[in-house]
Undergrad: 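Have a look at the structure that comes next, please.
No experiment lies behind these values; they were computed from the predicted model shown.
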Amino acid sequence: MEKAKISASQLFILMVLFELGSALLVPLAIRAKQDAWLAILFGMLGSFILFLVYHKLYTYYPNLLPTEYMQKILGKVLGTVLAFVYILYFMYDASRVLRDFGEMLLTFAYPDTPLFIANALLMLVIIYTIRKGIEVIARSGELLFIFMYILAIAGFILIISSGLIDFKNLQPVLEEGLLPSVKVALSETLYFPFTEAIVFTMILPYLNDSKKAKVTMLCATGLSGINLVITMLINISVLGVNLTARSQFPLLSTVASIQVADFLERLDVFFMLAMVIGIFFKITILFYAATLGTANLFKIKSPSRLAYPLGIVILFLSVTIASNFQEHLHEGLYIAKFILHIPLFTIIPPILLFVAFIKNRKKYRRKHIY
């Protein structure tokens with residue numbers, strides 16, 4: 001670990017930016033149709049339970065990275081293998097988000113630019129940021145968080161001013177009952193974007209006040225969830241369910257339809273800046289966690305040395321991960337969910353916590369016996 005500390009407010013900002021990240025781009029939970037907002041809300045509430053599991057593990061080992069305490073819990077061999085699996089996942093997830101960025105940029109602004117070039121430009125900036133360390137990442141987050149929310153508020157006002165919102169598109173509410181929304185929450189929104197924030201277990205040891213970790217994580221997830229609920233409500237009320245489902249990037253389609261007083265229009269490129277900020281921080285945090293975990297696992301004293309080689313791997317993986325955007329989405333929604341998300345987010349952490357609880361209980365008894 002580098003010798004650095006971040007505040008609870010900085011952790012809060014990084015978590016919000018991370019969870020909004022690429023989730024703002026896609027038609028999130030649209031399988032629940034006009035009740036998509038409800039599926040997002042259920043996914044957020046479900047993630048609170050898993051965050052309590054992640055936090056409890058942190059309280060057992062507050063000064064250790066997950067790559068270290070996995071070895072203490074499961075033993076050297078099994079713990080090292082599991083830690084390596086999580087590192088690979090962080091790199092894989094970073095490459096997926098980088099692909100989202102490239103596809104968005106090519107679709108809305110630079111259709112003739114090769115995907116590799118678009119991704120490489122962002123990756124160069126991220127590598128530079130990673131080499132500066134977690135404190136620089138956190139301070140950058142504080143600055144850009146304010147800018148992102150100014151854009152969000154301006155966009156909200158402009159959408160209302162344009163008279164685009166039609167609340168009839170949100171009806172009927174609960175047409176088929178609660179079950180479809182619960183199913184979508186358990187199969188989609190619980191994992192993307194909320195429990196992806198398991199990556200912050202790699203950042204928690206840098207927190208300068210460990211007592212604030214739980215409240216910060218839950219509040220950040222709550223704010224992210226509310227923002228995503230509002231975003232999907234706006235998307236569906238402006239575009240309707242069918243158009244939202246067909247659109248690759250519904251929020252940008254919504255913003256593109258803004259027209260105020262016959263001169264304020266085609267603002268989608270302007271609001272792409274907000275999307276880029278969220279995506280930048282999501283990739284940066286995943287990449288930083290992978291770099292830190294790799295350095296810790298293989299006893300490399302300077303994690304910044306790994307920024308270039310791991311960055312190149314993520315860059316090439318982002319281009320080769322799928323042959324087209326539809327395949328990329330299918331892989332994320334179905335394949336990654338069963339192979340990666342369910343075991344890594346919902347099965348393994350509770351098992352680790354159970355074993356850690358048993359081991360710590362035994363230590364506590366020994367101390368009192370002797």
Side-chain angles (χ1 to χ4, degrees), residues 12 15-54 100 149 152-153 155-156 159-160 164-198 217-255 257 274-275 278 282 329-330 332-334 336-338 341-342 345-346:
F12 174 86
M15 277 197 73
V16 172
L17 289 171
F18 177 91
E19 290 183 347
L20 293 178
S22 53
L24 284 173
L25 277 178
V26 297
L28 193 63
I30 197 60
R31 285 201 300 124
K33 298 180 181 177
Q34 64 269 21
D35 295 324
W37 63 273
L38 201 55
I40 294 168
L41 204 60
F42 288 149
M44 179 192 77
L45 295 173
S47 72
F48 285 167
I49 299 166
L50 290 169
F51 280 133
L52 293 176
V53 173
Y54 308 156
D100 288 336
Y149 266 82
I153 293 164
F156 184 67
I159 288 168
I160 292 172
L164 294 169
I165 293 176
D166 182 1
F167 289 114
K168 289 180 182 177
N169 289 330
L170 297 170
Q171 296 172 347
V173 178
L174 297 176
E175 184 180 12
E176 298 174 22
L178 275 175
L179 193 59
S181 298
V182 173
K183 281 181 179 179
V184 173
L186 292 174
S187 62
E188 288 181 32
T189 53
L190 178 62
Y191 312 107
F192 173 78
F194 297 114
T195 48
E196 277 185 314
I198 194 173
M217 291 174 76
L218 295 179
C219 287
T221 303
L223 179 60
S224 304
I226 291 165
N227 287 336
L228 290 170
V229 164
I230 292 169
T231 301
M232 280 309 292
L233 283 170
I234 290 171
N235 286 339
I236 293 170
S237 62
V238 171
L239 302 175
V241 172
N242 292 331
L243 193 54
T244 303
R246 290 200 304 269
S247 177
Q248 285 185 346
F249 309 111
L251 181 58
L252 290 174
S253 299
T254 298
V255 173
S257 58
M275 307 294 103
K282 187 163 187 176
L329 289 178
H330 177 79
L333 277 173
Y334 302 103
K337 179 179 71 179
F338 292 107
H341 296 167
I342 292 175
F345 299 164
T346 62

Undergrad: Quick one, Met275 and Leu24 - any side-chain contact, counting heavy atoms below 4.5 Å?
TA: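 With C-beta onward as the side chain, the pair touches.
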Undergrad: Would you indicate whether the side-chain heavy atoms of Pro193 and Leu228 approach each other to under 4.5 Å?
TA: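 Yes, side chains in contact.
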Undergrad: As an exercise, state the distance from CE of Met232 to CD1 of Ile230, rounded to the nearest 0.5 Å.
TA: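 Reported value, rounded in 0.5 Å steps: 13.0 Å.
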Undergrad: State, to 0.1 Å, how close Pro250 and Asn235 come at their nearest heavy-atom pair, and which atoms those are.
TA: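 Pro250 and Asn235 have their closest heavy atoms at O-OD1, 3.7 Å.
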Undergrad: Output, in order, the C-alpha distance, side-chain angles, deciding distance and verdict of side-chain contact (heavy atoms from CB on, under 4.5 Å) for Phe51 and Val53.
TA: CA-CA 5 Å; Phe51 280 133; Val53 173; over 6 Å; no
Undergrad: What do you reckon, is OH of Tyr149 surrounded by more than 12 foreign heavy atoms closer than 6.0 Å?
TA: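 More than 12 heavy atoms, drawn from other residues, nucleotides or ligands, come within 6.0 Å of this atom.
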Undergrad: Is the closest side-chain heavy-atom distance between Trp37 and Ile236 below 4.5 Å?
TA: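 Contact flag for Trp37/Ile236 side chains = no.
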Undergrad: Considering all heavy atoms of both residues, which atom of Thr189 and which atom of Gly43 are nearest to each other, and what is their separation?
TA: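 So the two residues come closest at OG1-CA, 3.5 Å.
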Undergrad: Under a 4.5 Å cut-off applied to non-hydrogen side-chain atoms, are Leu25 and Leu251 in contact?
TA: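 No, too far: nothing below the 4.5 Å cut-off.
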Undergrad: Test Leu50 against Ile198 for side-chain contact (heavy atoms from CB on, under 4.5 Å), laying out the working first.
TA: CA-CA 9 Å; Leu50 290 169; Ile198 194 173; over 6 Å; no
Undergrad: What's the shortest heavy-atom distance between Ser187 and Arg31, and which atoms?
TA: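 In terms of heavy atoms, the two residues are closest at OG-NH2, 2.9 Å.
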Undergrad: At what distance, to the nearest 0.5 angstrom, does OG of Ser22 lie from CZ of Phe249?
TA: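 Between Ser22 OG and Phe249 CZ, I get 10.5 Å after rounding to 0.5 Å.
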Undergrad: Check the orientation of His341 and Phe345. Use parallel for under 30°, tilted for 30 to 60°, and perpendicular for over 60°.
TA: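 Plane angle under 30°, so parallel.
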Undergrad: Can you measure from CG (Leu233) to CD1 (Ile165) and round to the nearest 0.5 angstrom?
TA: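 With rounding to 0.5 Å, CG (Leu233) is 9.5 Å from CD1 (Ile165).
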Undergrad: Taking the side chain from Thr244 and the backbone from Leu239, do they hold a donor-acceptor pair closer than 3.5 Å?
TA: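 Checked: no pair found.
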Undergrad: To the nearest 0.5 Å, tell me how far Leu223 CG sits from Met15 CE.
TA: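 One finds 11.0 Å between CG of Leu223 and CE of Met15.
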Undergrad: Could you walk me through whether Thr195 and Tyr54 pass side-chain contact (heavy atoms from CB on, under 4.5 Å), step by step?
TA: CA-CA 10 Å; Thr195 48; Tyr54 308 156; 3.9 Å; yes
Undergrad: Mark yes or no for whether Gln34, through its side chain, and Pro172, through its backbone, hold a donor-acceptor pair below 3.5 Å.
TA: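 Side chain of Gln34 to backbone of Pro172, a donor-acceptor pair under 3.5 Å: yes, one is there.
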Undergrad: Using a 4.5 Å cut-off on heavy atoms from C-beta on, say whether the side chain of Ile40 contacts that of Phe194.
TA: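 Side-chain contact under 4.5 Å: yes.
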Undergrad: Looking only at atom types and distance, does a side-chain atom of Ser247 sit under 3.5 Å from a main-chain N or O of Leu243, one as donor and one as acceptor?
TA: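 Checking the backbone N and O of Leu243 against the side chain of Ser247, no donor-acceptor pair under 3.5 Å is found.
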Undergrad: Under the side-chain contact (heavy atoms from CB on, under 4.5 Å) criterion, do Thr231 and Leu20 qualify, and how do the steps go?
TA: CA-CA 10 Å; Thr231 301; Leu20 293 178; over 6 Å; no
Undergrad: State, yes or no, whether a side-chain contact exists between Met217 and Leu52 at a heavy-atom distance under 4.5 Å.
TA: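 Contact flag for Met217/Leu52 side chains = no.
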Undergrad: Supply the atom-to-atom distance Leu174 CG to Ser181 OG, rounded to the nearest 0.5 angstrom.
TA: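 The OG atom of Ser181 is 6.0 Å from CG of Leu174, to the nearest 0.5 Å.
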Undergrad: Could you grab the distance from atom CZ of Phe12 to atom CG of Leu218, nearest 0.5 Å is fine?
TA: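 Those atoms lie 11.0 Å apart.
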Undergrad: Crowded around Ile160 CD1? As in, over 12 foreign heavy atoms under 6.0 Å?
TA: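 It does: Ile160 CD1 has more than 12 such atoms within range.
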Undergrad: Taking Lys33 first and then Glu175, would you say they form a salt bridge - that is, a charged N and a carboxylate O separated by under 4.0 Å?
TA: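 Looking at Lys33 and Glu175, the cut-off is not met.
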Undergrad: Are the side chain of Tyr191 and the backbone of Leu186 linked by a donor-acceptor contact shorter than 3.5 Å?
TA: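 Yes; judged by distance alone, with no hydrogens or angles, the pair exists.
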Undergrad: Which pair of heavy atoms, one from Asn169 and one from Ser237, lies closest together, and at what distance?
TA: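 Scanning both residues completely, I find the closest heavy atoms to be ND2-O, 2.8 Å.
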Undergrad: Quick one, Ser257 and Val238 - any side-chain contact, counting heavy atoms below 4.5 Å?
TA: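 Yes, side chains in contact.
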Undergrad: What is the minimum heavy-atom distance between Glu19 and Ala220, and which atoms define it?
TA: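 Looking at all heavy atoms of both residues, the shortest contact is OE1-O, 3.9 Å.
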